[in-house]
2 protein chains.
Amino acid sequence: MDVSARRPDKVQVGELAGSLGFLLRLAQLHAFEDFFSDHGPRGLKPGEFSVLWVIACNPGIRQSALGQRLMIKRAHMTKLVRALEDANLVSREIPDADRRAVELTLTPNGRQAVDKASDAFFGYEETTGAPLSLKERAQLIALLQKYVGLAEETGR
Amino acid sequence: MDVSARRPDKVQVGELAGSLGFLLRLAQLHAFEDFFSDHGPRGLKPGEFSVLWVIACNPGIRQSALGQRLMIKRAHMTKLVRALEDANLVSREIPDADRRAVELTLTPNGRQAVDKASDAFFGYEETTGAPLSLKERAQLIALLQKYVGLAEETGR
DNA sequence: GGATTTTTGTTTACAAGGAAACAATCTCTC
DNA sequence: GAGAGATTGTTTCCTTGTAAACAAAAATCC
């Protein structure tokens, strides 16, 4: 039997190497690994941070809108928000205009947490993408933005 | 309160739109959504297919090597392989040379399953990446390959 | 204006995946 | 060749996320 199969760096993946879905999964795991390695989590996980960040950008946003933009399912969003509320980071308010909905706002405490974490998050971001040049990294980001339909959001 | 926060397409994500980790997560979910929408799963989930495919490419590969290349943790790999074995798709053999290890091979049944599924998988792949041109898609794939360290594997 | 349908969030039950502790085997050093 | 340490896979427990059924409140349709 071929010895190469026992050496991880020699494993053949064939056509799979050209599969977008496969590459995206690998890339995401890669990014997460980066993330959890160099800076020890300062208490705020990536998912939590992104939720808080988007609430900060859109005060009073509804759970459904938040979930759609972040691709978080409603069932999961309920748990996430409840945890953030328990941690006194967000407050939920039911608007009179639509008593089914929940509007989310950061508590002062939450605003403080985002402020503190955002430097670490975005600062770290710039140092990610190890094997890529800065130009390639920018290109990759632009392509991903287009792919996920987030292209023109930045400049708005 | 600003009404825009209630319209999902108007949600602001600010600097998050430039975060590689965030974009990769979104992109992967996007790809998965595509995948499960247009062709109903023909019994083989993406994860299962990739495992079978790589075993097909590397007969006798060890669980550890497979896991490293596919970024699947050992604990999870054990469960995955057991399920595939129960489904009579792969066979496990403990080599005399190293009795800790497990060498994986496809059963005839497994080889058949891969053959049948691979057309669907790779055929589907080419139609993915909706908002991207073919050139952009190729560029994205090349960048991802470099990012995850799979750049020169293809041609080897 | 009352019945039907949709939207929004919650609950419950489950699947996917990871961390840590463990057991077995191999390797390395003396 | 007898221990010390590393590797490989498994088990158990836990976290993260999903699917489906549900309840309450709009919106829609005669």
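Lettering of chains follows the sequences in order, A, B, ..., and the numbering in each one begins at 1.
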Take the protein atom CG of A/L70 and the nucleotide atom C1' of D/dG17, then report the distance between them rounded to whole Å. 14 Å

Ranking D/dG9, C/dC26, C/dG9 by distance to the side chain of A/A101, first place goes to C/dG9

When rounded to whole Å, the CD to P distance for the pair B/E85 and D/dG9 reads 13 Å

Starting from the 5' end of DNA chain D, give me the residue, B/D98 or B/R82, whose nearest nucleotide shows up first. B/D98

Please test B/K146 against A/E136 for salt bridge (Lys or Arg N to Asp or Glu O under 4.0 Å), starting from the C-alpha separation and ending with a verdict. CA-CA 10 Å; B/K146 191 165 182 191; A/E136 287 171 327; 2.9 Å; yes

Can you say whether the rings of B/F122 and B/W53 are parallel (under 30°), tilted (30 to 60°) or perpendicular (over 60°)? perpendicular

Over 60° means perpendicular and under 30° means parallel, so tell me whether A/H30 and B/Y147 are parallel, tilted or perpendicular. perpendicular

Dump the pairs, protein N or O against N or O of nucleotides 18-24 of chain D, anything under 3.5 Å, distances to one decimal.
| unit_1 | atom_1 | unit_2 | atom_2 | d |
| --- | --- | --- | --- | --- |
| D/dT18 | O4 | A/K79 | NZ | 2.8 |

Here the distance between atom C1' of D/dT8 and atom CG of B/L80, to the nearest Å, is 17 Å

So, is B/S64 near the phosphate of D/dT7, with a side-chain N or O under 4.0 Å from OP1 or OP2? no

Which of the following nucleotides, D/dT10, C/dG9, D/dT16, is nearest to the side chain of A/K45? D/dT16

Begin from the C-alpha positions of A/R92 and A/E85 and carry the test salt bridge (Lys or Arg N to Asp or Glu O under 4.0 Å) through to its verdict. CA-CA 8 Å; A/R92 299 161 23 110; A/E85 193 186 22; 3.7 Å; yes

Using whole Å, what does the distance between atom P of nucleotide C/dA16 and atom CZ of B/F32 come to? 11 Å

Smallest separation among heavy atoms of A/C57 and B/Q12, with atom names: CB-O, 3.5 Å

For A/L104 and C/dG9, what is the distance between atoms CG and C1' respectively, to the nearest whole Å? 11 Å

Expressed in angstrom and rounded to an integer, what is the separation of B/L66 atom CG from D/dT8 atom P? 13 Å

Report the distance from atom CG of A/D96 to atom C1' of D/dA25, rounded to the nearest whole Å. 13 Å

I want to know whether A/F22 and B/F49 have ring centres closer than 6.0 Å. no

How sharply is the helix from C/dG1-D/dC30 to C/dC30-D/dG1 bent, taking the axes over five pairs at either end and rounding to 10 degrees? 30°

Side-chain donor/acceptor of B/T78 to backbone N/O of B/R74, under 3.5 Å: yes

How many Å lie between CG on B/L26 and P on D/dG17, as a whole number? 13 Å

Kindly say whether B/A17 contributes a backbone atom to a donor-acceptor pair with the side chain of A/Q145 at under 3.5 angstrom? yes

For B/E48 and A/V102, find the nucleotide of DNA chain C closest to each by heavy atoms; which residue's nucleotide sits nearer the 5' end? A/V102

Decide yes or no on side chain to side chain contact (heavy atoms under 4.5 Å, CB included) for B/L70 and B/S50, but give the supporting numbers first. CA-CA 8 Å; B/L70 260 39; B/S50 62; 4.1 Å; yes

